[in-house]
Chemist: 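One structure is given below, represented as structure tokens, and several questions about it will come after.
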Amino acid sequence: MINTLKTCTDPKIATKAGGQGEISCPRQGPQNIFQFQRGRWHLRNKMENRWQTEKDGCVVVVMWCAVPSKGIPRRRLRRAVKGNVTNRPDRSRPSDRPPSRIFSLYGFLPPFFSSLLFIPEKEKKKKKEEAAMVDSVALFCTGALIAGGIYWFVCVLGSAEQKGKRAVDLSGGSISREKVQDKYKQYWSFFRRPKEIETADKVPHFVDTFYNLVTDIYEWGWGQSFHFSPSHPGKSHKDATRLHEEMAVDLLSVPAGSRILDVGCGVGGPMRAIAAHSRANVVGITINEYQVSRAKAHNRKAGLDSLCEVVCGNFLQMPFQDDSFDGAYSIEATCHAPRLEEVYAEIYRVLKPGAMYVSYEWVTTDKYRADDPEHVEIVQGIERGDALPGLRSHDQIGEIARKVGFEVVEERDLARPPAGEWWRRLKMGRIAYWRNHVVVTVLAALRIAPKGVVDVHEMLCRTAEHLTRGGETGIFTPMHMILCRKPLS
């Protein structure tokens with residue numbers, strides 16, 4: 001049996017011509033050949049259909065084929081090998097046990113037996129070179145794949161919706177790079193307990209600081225519209241946001257060419273959507289100078305600078321004449337006012353008689369319980385992370401509007417069913433938050449982004465968790481809609 005044949009050094013078999021000899025089967029033809037390389041060969045491994053031996057860099061492959069051994073002269077075979085069959089295997093080991101129907105050379109030849117094939121040293125070296133080439137190509141492809149993944153992770157995904165800002169351009173707004181972290185600490189100290197803020201006159205200053213810190217992160221990680229919207233089946237977040245904004249101007253019922261006011265316009269995402277939808281002339285006001293520059297740049301890029309105007313100012317003391325606007329709206333902006341009646345009074349002043357005003361307010365709902373520690377923790381987390389001097393209750397909004405002179409036309413929570421979950425986008429964006437935080441941390445370590453940006457982003461991630469919990473428990477809504485009219489007289 002061939003698996004007992006470990007060595008053969010018979011000079012008659014290992015002839016000088018070609019350095020090999022053979023044992024053939026006359027009856028079965030030339031296929032039944034066993035060839036040997038000059039010298040001593042060692043069995044290295046046994047596979048399913050072949051064995052390999054190696055010596056001095058030359059490999060011998062023993063191949064098997066379906067050739068019967070019946071009729072092979074056993075006496076001749078013994079004379080040929082002259083008893084030089086040595087190192088019989090230990091059959092107690094599974095690896096050395098012969099396969100079924102395989103017998104010793106002293107009995108019958110193996111039923112599947114063909115020839116030994118020789119692979120010269122030159123071919124072996126060539127194969128090694130080919131293997132090295134394959135390894136190099138695989139290494140290059142792996143490196144390219146990793147580089148592509150990093151590019152996709154940082155640049156292609158970029159922001160969650162609109163790439164209005166690149167990660168490498170993150171800044172502290174109008175705050176110098178070296179002061180970002182200090183300003184963040186001052187902000188956090190001021191809004192640590194929003195309900196206990198005593199110096200309400202400082203609130204606008206710290207709201208300005210807040211938007212210097214977060215504007216770039218909002219644009220990069222969220223989009224140009226800094227607000228929420230109900231989710232719509234089959235609609236993207238971008239489309240849902242646009243529909244939410246267009247509904248505001250539809251409620252105002254203003255014709256094309258009207259002059260309307262955006263109270264707290266941010267970088268102008270809603271302003272541009274409303275101007276494009278209604279063809280009205282929109283004037284936006286924001287307290288943050290950096291947002292003014294960003295809004296103007298976006299307006300020019302969108303080709304809407306003829307319809308959109310941006311003014312830097314405090315909506316508690318607006319630089320507009322009385323009775324100068326045909327309508328007004330505010331989308332999740334007046335929540336920053338320390339006293340809502342002050343901003344409503346200013347809006348009332350600048351509206352023409354009979355003009356409409358609509359607002360989406362951040363409020364606690366009727367499910368909120370002030371004696372529930374979990375509810376208190378959620379609300380305080382929202383207030384700290386969004387520069388709010390204190391969330392108001394849903395039943396206060398209408399009272400304040402009437403107090404300053406408005407007629408309340410409609411008031412309802414746009415987040416109630418059948419509206420989709422507005423916080424779904426926050427939950428779906430958790431992987432993006434983690435990715436963005438990794439990017440911000442790396443950029444800050446490389447000193448591309450200001451050091452304090454990492455703290456700001458971490459604060460916003462925690463705030464997103466509080467907002468999500470507020471939506472899931474139903475104790476908070478960012479879209480309590482109130483539609484008001486200024487009386488004709």
Side-chain angles (χ1 to χ4, degrees), residues 197 199-211 226-227 245 248-249 251-252 254 258-268 270-271 274 280-289 291-292 295 308-363 386-392 396-411 478-489:
I197 293 175
T199 52
D201 56 325
K202 290 186 178 180
V203 170
H205 169 72
F206 281 101
V207 170
D208 181 32
T209 299
F210 172 78
Y211 279 110
F226 300 171
H227 64 81
E245 294 163 349
V249 72
L251 289 170
L252 297 180
V254 291
S258 301
R259 188 169 185 252
I260 60 178
L261 176 64
D262 183 337
V263 183
C265 64
V267 297
M271 173 194 301
I274 287 172
N281 295 292
V282 185
V283 179
I285 183 170
T286 175
I287 198 171
N288 187 260
E289 289 185 2
Q291 288 188 338
V292 171
C308 299
E309 179 186 352
V310 189
V311 176
C312 185
N314 186 347
F315 55 39
L316 299 176
Q317 297 173 342
M318 292 190 284
F320 306 122
Q321 296 180 354
D322 297 352
D323 306 334
S324 55
F325 288 95
D326 300 307
Y329 65 89
S330 57
I331 300 179
E332 303 180 25
T334 55
C335 52
H336 294 296
R339 288 181 288 271
L340 188 61
E341 53 268 24
E342 292 183 3
V343 63
Y344 275 16
E346 271 295 280
I347 295 168
Y348 183 90
R349 179 183 66 83
V350 300
L351 282 178
K352 294 177 181 179
M356 305 287 283
Y357 166 61
V358 62
S359 180
Y360 299 160
E361 296 286 348
W362 283 30
V363 297
D386 286 293
L388 307 181
L391 279 172
R392 300 171 184 89
Q396 294 178 302
I397 307 303
E399 292 180 8
I400 294 173
R402 293 184 184 94
K403 183 179 178 180
V404 301
F406 278 119
E407 297 174 356
V408 177
V409 178
E410 185 180 0
E411 187 177 8
M479 50 192 72
H480 180 87
M481 187 275 292
I482 182 168
L483 178 64
C484 307
R485 179 188 293 111
K486 182 176 180 179
L488 292 173
S489 58

Chemist: Applying side chain to side chain contact (heavy atoms under 4.5 Å, CB included) to H227 and M479, what does each step give before you reach the verdict?
Modeler: CA-CA 9 Å; H227 64 81; M479 50 192 72; over 6 Å; no

Chemist: Measure across P270 and I331 and return the closest heavy-atom pair with its distance rounded to 0.1 Å.
Modeler: CB-CD1, 3.9 Å

Chemist: Restricting to side-chain hydrogen bond (donor to acceptor under 3.5 Å, both in side chains), what partner residues turn up for N281, sequence neighbours left out?
Modeler: none

Chemist: Taking only Lys NZ, Arg NE, NH1 and NH2, and the carboxylate oxygens of Asp or Glu, determine whether D322 and R349 approach each other closer than 4.0 Å.
Modeler: yes

Chemist: Mind jotting down which residue pairs meet the salt bridge (Lys or Arg N to Asp or Glu O under 4.0 Å) criterion with at least one end in residues 397-408? Sequence neighbours excluded, please.
Modeler: E407-R485

Chemist: Which value, rounded to the nearest 0.5 Å, describes the distance between C312 atom SG and D208 atom CG?
Modeler: 7.5 Å

Chemist: Only counting residues at least two apart or in another chain, list the ones meeting side-chain contact (heavy atoms from CB on, under 4.5 Å) with A328.
Modeler: L261, I347, L351, Y357

Chemist: May I have the step-by-step check of side chain to side chain contact (heavy atoms under 4.5 Å, CB included) for I287 and F315, ending in yes or no?
Modeler: CA-CA 8 Å; I287 198 171; F315 55 39; over 6 Å; no

Chemist: What heavy-atom pair brings A295 and G268 nearest, and what distance separates the two atoms?
Modeler: CB-N, 4.2 Å

Chemist: Taking all atoms of both residues into account, what is the closest heavy-atom pair of P389 and P338, and its distance?
Modeler: CG-CA, 3.6 Å

Chemist: Distance from L340 atom CG to Q396 atom CD, nearest 0.5 Å?
Modeler: 9.0 Å

Chemist: When rounded to the nearest 0.5 angstrom, what is the spacing between CZ in R339 and CG in L316?
Modeler: 8.5 Å

Chemist: Please report the interatomic distance CE(M481) to OG(S359), rounded to the nearest 0.5 Å.
Modeler: 10.0 Å

Chemist: Evaluate the ring planes of Y211 and F226, with Trp represented by its six-membered ring, and classify them as parallel (under 30°), tilted (30 to 60°) or perpendicular (over 60°).
Modeler: parallel

Chemist: Hey, could you give me the CG/CE distance between L252 and M356, rounded to the nearest 0.5 Å?
Modeler: 7.0 Å

Chemist: From I285 CD1 over to S330 OG, what is the distance, rounded to the nearest 0.5 angstrom?
Modeler: 12.0 Å

Chemist: Show, in sequence, the C-alpha distance, side-chain angles and deciding distance for F325 and V254, and conclude whether the side chain to side chain contact (heavy atoms under 4.5 Å, CB included) test is met.
Modeler: CA-CA 11 Å; F325 288 95; V254 291; over 6 Å; no

Chemist: Closest heavy-atom contact between C265 and V310?
Modeler: SG-CG1, 4.0 Å

